[in-house]
Amino acid sequence: MINIPKGTKDVLPAESYKWHYIENVVRSVAQEFCISEIRTPTFEHTELFLRGVGETTDIVNKEMYTFEDKGNRSITLKPEGTAGVARAFVENSLYANAQPTKMYYITPVFRYERPQAGRLREHHQFGIEYFGAESPYADVEVMLVAKTIFDRLGIGKLVLNINSIGCGECRKKYNQALKDYFATRLDKMCPTCRERFDKNPLRILDCKEDTCKKIAENAPSTLDYLCDDCQSHHNIICEQLDKLGVEFVVNPRVVRGLDYYTRTVFEFVSDNIGAQGTVCGGGRYNNLVEEVGGKPCPAVGFGMGLERLLLTLESLNLTQGEADKVDVYIAPLCDEAKKMTLPLAMSLRKVGKKVESDLLDRSFKAQLKFANKLNAQYLILLGEEEMSAKKCNIKNMQTGESELVDFDKTLEYFATKN
RNA sequence: GUGGGUAUAGCGUAGUUGGUUAGCGCGCAAGAUUGUGAUUCUUGAGAUCAUGGGUUCGAAUCCCAUUACCCACCCCA
């Protein structure tokens, strides 16, 4: 048997309605915020992610699905959604339109990681990107989109963590301060943190090792090193969130793993779907567009993990909708009836009914059982008696009652049934 | 890449200190006087006990290796 690749999942027919539900909510919220959909390719030139996501990140270093195509081009399956959208923004000159450009996407993303609860090698993200807006109110609106989705789905429990990691200038100063602080305590810290010290000292802040945690507690906070502009940007966001009644915590330990973030970073975290609790993560990335080859253009956005969102919904018993239903099941009992089954089914479908009919030559009894299993509302029985009388024997599966209806009155009959 | 756990029909599971025919529930299929389903009853199909090796008179059970899955680290959505 050939089985499914590690870290991937089938969405089976009995489950797909949950995805439709989530996708519908997410799309309609996007519409309310006047955000239009963009679809970009599943794979891009590897270079886009090297430049966009950042060469020092784990995603680029060890998690990308990269291969050479038959024309010797280095191609990579998208490991996140933003870089491709930024590329499309530049390549299609969307910056020439009146700004901001507000876009959303639903896409599979691929990362070669060890799977665990809430983490797959292929997962799906809903994301939004706002280009051309420098204002802190844009950051807030982006957070509001996520918040609105959670509210719409009935999830009140997600905690919004926000932080600011400053612009390039503040970051430089802050990195130095961090290094100064950790340098004297490096010998007491875990090996990975010692590595991080050189590569990306910011990351030490969310180490889970107890001793590192303790040391990090007293480390300088990014917020103490913000320049005036970054500070007031951050302040306005906090004030506005307060004013909107959106609960949040300023958490200096929120540090995103992608190089492109500047100033605002935030995440919505769930505490009951396992260790991988970040359902939505995002922030501002004012340097990305330039990095990808465009003129400098400010931007904010987020990515939302749909599998994690679904896990959260399921953990709270909030999945809505139901598996597909059948309105009418047609059960032919003789050859004559079989010949008119598909035509009858087609004319019922044309008036909007969900119609199923026998494709297995089941026995009479088996047909009823099957119709019952399908949860069919009505069953049309066509035996020799019905054929010679030119009538459909229509049975209401709920009440068990049946009545005879002329062939040419059948559509009218069902037209009255909701 | 590093740890820990698990592996018995389609699914969920029982299986004693190793003992002969691996049990149960759900699901699937057929039937209960031939054209009326959901309950009930009867019957049936379906398992190389993850794979390979070892110990033993005898292994689902003990040992070793492999693989797969789960969980956690790392990292992220």
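Labels below follow one simple rule: chain letters A, B, ... track the order of the sequence lines, proteins then strands, and each chain is numbered from 1.
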request  = Can you figure out which of B/A72, B/A32, B/C74 approaches the side chain of A/Ala275 most closely?
outcome  = B/A72

task = Please work out the stems of RNA chain B from pairs that are Watson-Crick or G-U wobble with both distances under 3.5 Å, keeping only runs of three or more consecutive pairs.
result = B:1-7 with B:67-73, B:10-13 with B:23-26, B:28-32 with B:40-44, B:50-54 with B:62-66

key: Within residues 368-381 of chain A: residues closer than 4.0 Å to RNA chain B (heavy atoms)   = A/Leu368, A/Lys369, A/Asn372, A/Lys373, A/Leu381

request  = Considering only atom P, compute the distance from B/U8 to B/U13 and round it to an integer number of Å.
outcome  = 9 Å

Shortest side-chain distance from A/Lys6, nucleotide among B/C74, B/C69, B/A30 = B/C69

request  = Could you tell me the separation between the OH atom of A/Tyr329 and the P atom of B/A38, rounded to a whole number of Å?
outcome  = 15 Å

task = Starting from C1' on B/C71, measure out to CZ on A/Arg114 and report it in whole angstrom.
result = 11 Å

query = Mind checking the C1' distance from B/G15 to B/G25? Whole angstroms is fine.
reply = 15 Å

query = Taking the side chain of A/Glu113 as its heavy atoms from C-beta onward, which of B/A77, B/C73, B/G35 lies nearest to it?
reply = B/A77

key: Matching residue for A/Phe414 among A/Asp327, A/Ile394, A/Val351 - test: side chain to side chain contact (heavy atoms under 4.5 Å, CB included)   = A/Ile394

ask   = In terms of the nearest nucleotide of RNA chain B, which residue is placed more toward the 5' end: A/Leu333 or A/Arg308?
value = A/Leu333

ask   = Taking the same atom, C1', in B/A60 and in B/U6, what whole-Å distance lies between them?
value = 15 Å

message = Please give the distance between the C1' atoms of B/A77 and B/C69 as a whole number of Å.
response = 22 Å

query = For A/Asn3 and A/Gly281, take the nucleotide of RNA chain B holding the closest heavy atom to each; which residue's nucleotide lies nearer the 5' end?
reply = A/Asn3

request  = Taking atom P in both B/G12 and B/A7, compute the distance separating them and give it to the nearest angstrom.
outcome  = 12 Å

query = Mind checking the C1' distance from B/U17 to B/G10? Whole angstroms is fine.
reply = 35 Å

request  = Could you check which residues of residues 144-161 of chain A get a heavy atom under 4.0 Å from RNA chain B? Sort them by number, please.
outcome  = none

ask   = Between B/C76, B/C71, B/U36, which nucleotide has the shortest distance from any of its atoms to the side chain of A/Gln116?
value = B/C71

